[in-house]
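A quick write-up on the structure given underneath.
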Number of protein chains: 2
Amino acid sequence: MDDPEPLNVGLLLFIPYRAMEARVFAGLAAAGFDDFTPAQARVFQRLAPQGSRLTELAAQAGLTKQTVGFLVDQLERAGYVERMPDPRDGRARLVRIAERGWRTIPVAAGIVAEVEAEWADHLGNRRMEQLRAILADLRTVTDPYR
Amino acid sequence: MDDPEPLNVGLLLFIPYRAMEARVFAGLAAAGFDDFTPAQARVFQRLAPQGSRLTELAAQAGLTKQTVGFLVDQLERAGYVERMPDPRDGRARLVRIAERGWRTIPVAAGIVAEVEAEWADHLGNRRMEQLRAILADLRTVTDPYR
DNA sequence: TAATTAAGTCAGAGTGTCGTACTATCGTCA
DNA sequence: TGACGATAGTACGACACTCTGACTTAATTA
């Protein structure tokens with residue numbers, strides 16, 4: 001109706017991000033993982049396979065330690081992750097994906113693949129690959145954590 | 001240290017989005033617009049120049065009417081927007097950008113331009129344009145609202 | 001070994017979001 | 001023209017998320 005001016009890139013990034021997130025949540029819920037909030041997922045998503053420390057997760061997700069601790073509590077109660085002492089540092093504990101957490105992974109990956117396929121279908125494979133490559137490159141200047 | 005597998009496109013979209021948002025907020029705060037939260041901004045950003053209805057904003061932002069009403073209350077109290085009756089519908093009210101709101105726009109636009117310039121500098125102009133074009137195209141399949 | 005730094009927790013407060021229920025107004029059609 | 005279903009918005013209550021500040025425990029450094 002009234003869009004002569006192009007949206008800024010920030011908003012353009014946000015729109016598909018949100019669409020992807022919504023699809024993944026709907027799919028997880030349909031597969032029985034219906035406790036699981038976006039905030040929890042943003043932490044869960046960054047767990048290293050061998051486990052991550054709270055402080056590390058907080059830095060990566062751009063949240064405080066307290067917030068991540070709160071979210072990990074919930075994930076732990078729901079059986080998605082477990083905490084164990086870090087053998088290399090008595091102060092630290094490692095947050096690791098637990099059995100139920102592992103089960104979400106193929107489900108989520110399947111939905112992501114499905115959405116990506118739809119996008120590739122719309123954009124064409126070549127541009128989809130360009131998008132992925134450009135975003136990965138952009139990460140080097142926008143992700144303070146690597 | 002440990003990133004052989006590529007991140008999914010959702011997360012790759014989120015990282016620069018978040019970086020852009022953080023920069024805009026820091027800049028607005030530095031310019032004296034230090035009340036102004038991300039949630040408020042996500043609504044404010046979608047206001048049509050002639051004013052928008054609450055329901056319309058809610059649909060675009062993917063929020064409920066109540067949530068948007070709550071955020072608009074705050075924006076109104078802070079002088080960024082004003083509400084007026086919709087001459088075409090007695091039930092509706094138009095939310096319009098108010099004087100103080102208009103003043104944020106060049107500031108925000110300047111920061112967005114600055115960040116985009118940095119990105120273009122890193123990616124090269126050609127790929128920056130590709131990114132913009134691809135995202136705009138992707139919007140047709142990911143934005144349920146247009 | 002004392003001082004400093006780092007990992008994590010606890011407590012409290014403020015913000016953001018939703019579901020349900022309600023009022024007022026609009027549009028339609030008998 | 002007036003009754004009825006749909007739509008715009010508000011009110012209230014609950015819960016999720018996030019932060020700040022203060023604290024505990026363990027590691028590191030001097």
Side-chain angles (χ1 to χ4, degrees), chain A residues 14 18 21-22 25-26 28-29 33-48 51-78 80-96 145, chain B residues 14 18 21-22 25-26 29 33-48 50-78 80-96 145:
Chain A
F14 181 70
R18 178 113 170 192
E21 188 178 76
F25 272 87
L28 284 173
F33 302 108
D34 56 350
D35 46 352
F36 209 54
T37 66
Q40 289 167 26
R42 286 193 277 271
V43 168
F44 184 82
Q45 192 168 203
R46 311 209 187 216
L47 285 171
S52 304
R53 293 188 188 178
L54 215 52
T55 306
E56 197 182 341
L57 288 171
Q60 286 177 30
L63 299 170
T64 60
K65 297 184 289 179
Q66 296 89 321
T67 298
V68 174
F70 174 79
L71 295 169
V72 168
D73 283 347
Q74 298 171 213
L75 286 166
E76 191 174 25
R77 257 196 312 276
Y80 291 117
V81 306
E82 58 199 358
R83 282 193 245 228
M84 52 176 303
D86 184 337
R88 290 175 318 193
D89 189 332
R91 295 167 301 178
R93 299 165 75 190
L94 290 176
V95 181
R96 274 202 322 194
Y145 203 70
Chain B
F14 181 71
R18 178 114 166 191
E21 188 179 76
F25 273 87
F33 302 109
D34 56 350
D35 48 351
F36 209 55
T37 65
Q40 288 166 28
R42 286 193 276 272
V43 168
F44 184 82
Q45 192 169 204
R46 312 208 186 219
L47 284 171
Q50 348 74 273
S52 304
R53 293 187 188 181
L54 215 51
T55 306
E56 197 182 342
L57 289 172
Q60 286 177 30
L63 299 170
T64 60
K65 296 185 291 181
Q66 298 89 315
T67 299
V68 174
F70 174 79
L71 296 169
V72 168
D73 283 347
Q74 298 170 213
L75 286 166
E76 191 174 25
R77 258 196 311 277
Y80 292 116
V81 306
E82 59 199 357
R83 281 193 246 230
M84 54 176 300
D86 184 335
R88 290 175 317 191
D89 187 334
R91 295 167 301 178
R93 300 165 74 190
L94 290 175
V95 180
R96 274 201 322 193
Y145 204 71

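Throughout, protein chains are lettered first and strands after them, A, B, ... in sequence-line order, and every chain is numbered starting at 1.
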I need the [atom1]-[atom2] distance between [X] and [N], as an integer number of Å.
{"X": "A:Asp73", "N": "D:dA16", "atom1": "CG", "atom2": "P", "value": "13 Å"}
{"X": "A:Glu56", "N": "C:dA6", "atom1": "CD", "atom2": "P", "value": "15 Å"}
{"X": "B:Leu57", "N": "D:dT7", "atom1": "CG", "atom2": "P", "value": "18 Å"}
{"X": "B:Asp35", "N": "C:dG16", "atom1": "CG", "atom2": "P", "value": "11 Å"}
{"X": "A:Leu54", "N": "D:dT24", "atom1": "CG", "atom2": "C1'", "value": "15 Å"}
{"X": "A:Gln74", "N": "D:dA16", "atom1": "CD", "atom2": "C1'", "value": "7 Å"}
{"X": "A:Phe36", "N": "D:dC15", "atom1": "CZ", "atom2": "C1'", "value": "19 Å"}
{"X": "B:Arg53", "N": "C:dC26", "atom1": "CZ", "atom2": "P", "value": "10 Å"}

Can you tell me if the side-chain N/O atoms of [X] get under 4.0 Å from OP1 or OP2 in [N]?
{"X": "B:Arg83", "N": "D:dG9", "value": "no"}
{"X": "B:Thr37", "N": "C:dG16", "value": "yes"}
{"X": "B:Arg88", "N": "C:dT25", "value": "no"}

Distance-minimising heavy-atom pair for [X] and [Y]:
{"X": "B:Arg46", "Y": "B:Ser52", "result": "O-OG, 4.0 Å"}
{"X": "B:Val95", "Y": "B:Leu47", "result": "O-CD2, 3.6 Å"}
{"X": "B:Phe25", "Y": "B:Phe36", "result": "CE2-O, 3.3 Å"}
{"X": "B:Leu94", "Y": "B:Gln50", "result": "CD1-O, 4.3 Å"}

Practice item. Decide, yes or no, whether a salt bridge links B:Asp35 with B:Arg77 under the criterion of side-chain N to carboxylate O below 4.0 Å. Key: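 Salt bridge absent between B:Asp35 and B:Arg77.
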Classify the ring geometry between B:Phe44 and B:Tyr80 as parallel (under 30°), tilted (30 to 60°) or perpendicular (over 60°).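 B:Phe44 vs B:Tyr80 ring planes: perpendicular.
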Practice prompt. Decide yes or no, distance alone: a donor-acceptor N/O pair under 3.5 angstrom between the base of C:dA24 and the side-chain of B:Arg91.
Written response: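 Absent.
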A:Arg18 side chain vs B:Gly62 backbone, donor-acceptor pair below 3.5 Å: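 Yes, the answer is positive, given that a donor and an acceptor are paired below the 3.5 Å cut-off.
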- Task: Determine the contact category for B:Gly90: base if any of its heavy atoms lies under 4.0 Å from a base atom, sugar-phosphate if only primed atoms, P, OP1 or OP2 are that close, otherwise nothing.
- Result: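 Sugar-phosphate only.
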Touch class at under 4.0 angstrom, heavy-atom based, for B:Asp86 against every strand present
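Nothing, no nucleic acid heavy atom in range.
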Can you check nucleotides 17-21 of chain C for protein contacts, nitrogen or oxygen pairs under 3.5 Å, and list what you find?
residue : atom : partner : partner atom : Å
C:dC18  : OP2  : B:Thr64 : N            : 3.0
C:dC18  : OP2  : B:Thr64 : OG1          : 3.3
C:dC18  : OP2  : B:Thr67 : OG1          : 3.0
C:dG19  : N7   : B:Gln66 : NE2          : 3.3
C:dG19  : O6   : B:Gln66 : NE2          : 3.4
C:dT20  : O4   : B:Gln66 : NE2          : 2.2

